[in-house]
Amino acid sequence: QQKVQQSPESLIVPEGGMASLNCTSSDRNVDYFWWYRQHSGKSPKMLMSIFSNGEKEEGRFTVHLNKASLHTSLHIRDSQPSDSALYLCAASMTGNTGKLIFGLGTTLQVQP
Amino acid sequence: EAAVTQSPRNKVTVTGGNVTLSCRQTNSHNYMYWYRQDTGHGLRLIHYSYGAGNLQIGDVPDGYKATRTTQEDFFLLLELASPSQTSLYFCASMDWGETLYFGSGTRLTVL
């Protein structure tokens, strides 16, 4: 079973719309979460990280974290065609410095 | 931005062949990683290292060896390659904030 589960598997939103992506861990030892973005044919690049309960905003991107439920979500407002990509959620385990576990990802398509 | 360079970009070999994938980072990061990426399986950790001479086992290590010769260089070795090892391989290094910086990837095909 995947320790990090992402939903939906794929998502289509219109240009200018809001995209919401979810990520949950089934492992109580998970500590921190990251969101990576991977454009087609490219390597993943870190988008945002969140380590404590609450919300973090950077431009059009907002991440939420609920540590009690080990759930994080990424919201992209005013989505642009350039946001079309594979979004990967990653988690690290308490005391397991340096090891990240990735989910399978959500493929986002923003239609002009 | 952190620089991680992988070589080769593409590699084709036959079943039973030996393959070495190379990775160099010039950011003085301690941690380096080898991942494989496959449709339906996502990014899976093969091996990682926290310094020269150190090796840690990842989640899918079978059929792979790795060696960290210097702070900069991390190699992935496939001895007796099999078609199941056909994949896109990424090397990465990690900074103190636990952000991963990925190389451009090596696409390996085992015929």
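Atoms considered below: every heavy atom in the structure, side chains included; atoms not considered: hydrogens, waters and symmetry mates. Residue numbering restarts at 1 for every chain, and letters A, B, ... go by the order of the sequence lines.
- Between the OH atom of B/Y48 and the NZ atom of A/K99 there is a distance of 5.5 Å, given to the nearest 0.5 Å.
- Considering only heavy atoms from C-beta on, A/I101 comes within 4.5 Å of B/D59 through its side chain.
- Heavy-atom contacts from other residues, nucleotides or ligands closer than 6.0 Å to NZ of A/K56 number more than 12.
- Cluster annotation: A/W34 and B/L43 are assigned to the same hydrophobic cluster (Ile/Leu/Val/Met/Phe/Trp/Tyr, side-chain heavy-atom contacts under 4.5 Å, transitive).
- In the hydrophobic clustering of this structure, B/L45 does not group with B/M32; members are Ile, Leu, Val, Met, Phe, Trp, Tyr whose side-chain heavy atoms approach within less than 4.5 Å, directly or through other members.
- Contact annotation for B/Q56: neither backbone nor side-chain heavy atoms come within less than 4.5 Å of a heavy atom of chain A.
- Panel note: side chain A/Y32, backbone B/E98; no donor-acceptor pair is recorded below 3.5 Å.
- B/L78 and B/Y33 fall into different hydrophobic clusters, defined by Ile, Leu, Val, Met, Phe, Trp and Tyr side-chain heavy atoms under 4.5 Å apart, directly or through other members.
- Within the 4.5 Å cutoff, the side chain of B/Y101 has no heavy atoms near those of the A/M46 side chain.
- Within 6.0 Å of CZ in B/R107 there are 12 or fewer heavy atoms belonging to other residues, nucleotides or ligands.
- Neither the backbone nor the side chain of B/Y50 comes within contact range of chain A, judged by heavy atoms closer than 4.5 Å.
- More than 12 heavy atoms of other residues, nucleotides or ligands shown are found within 6.0 angstrom of NZ on A/K67.
- In terms of hydrophobic clustering, with Ile, Leu, Val, Met, Phe, Trp and Tyr side chains grouped at heavy-atom distances under 4.5 Å, A/W35 and A/F61 are assigned to a common cluster.
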Run A/K45 and B/T99 through side chain to side chain contact (heavy atoms under 4.5 Å, CB included) and show every step you take. CA-CA 9 Å; A/K45 284 186 168 51; B/T99 294; over 6 Å; no
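- The hydrophobic cluster containing A/M48 also contains A/V4, counting ILVMFWY residues as joined when their side-chain heavy atoms lie under 4.5 angstrom apart, directly or transitively.
- Only the side chain of A/Q38 comes within less than 4.5 Å of a heavy atom in chain B; its backbone stays farther off.
- B/L100 is not listed as a side-chain neighbour of A/P44, based on a closest heavy-atom distance of 4.5 Å or more.
- Rounded to the nearest 0.5 angstrom, B/Y35 OH and A/L100 CG are separated by 5.0 Å.
- Taking CG of B/D38 as the start and CG of A/L104 as the end, the distance is 11.0 Å to the nearest 0.5 Å.
- Residue B/M94 holds its CE atom at 7.5 Å from OG of A/S92, rounded to the nearest 0.5 Å.
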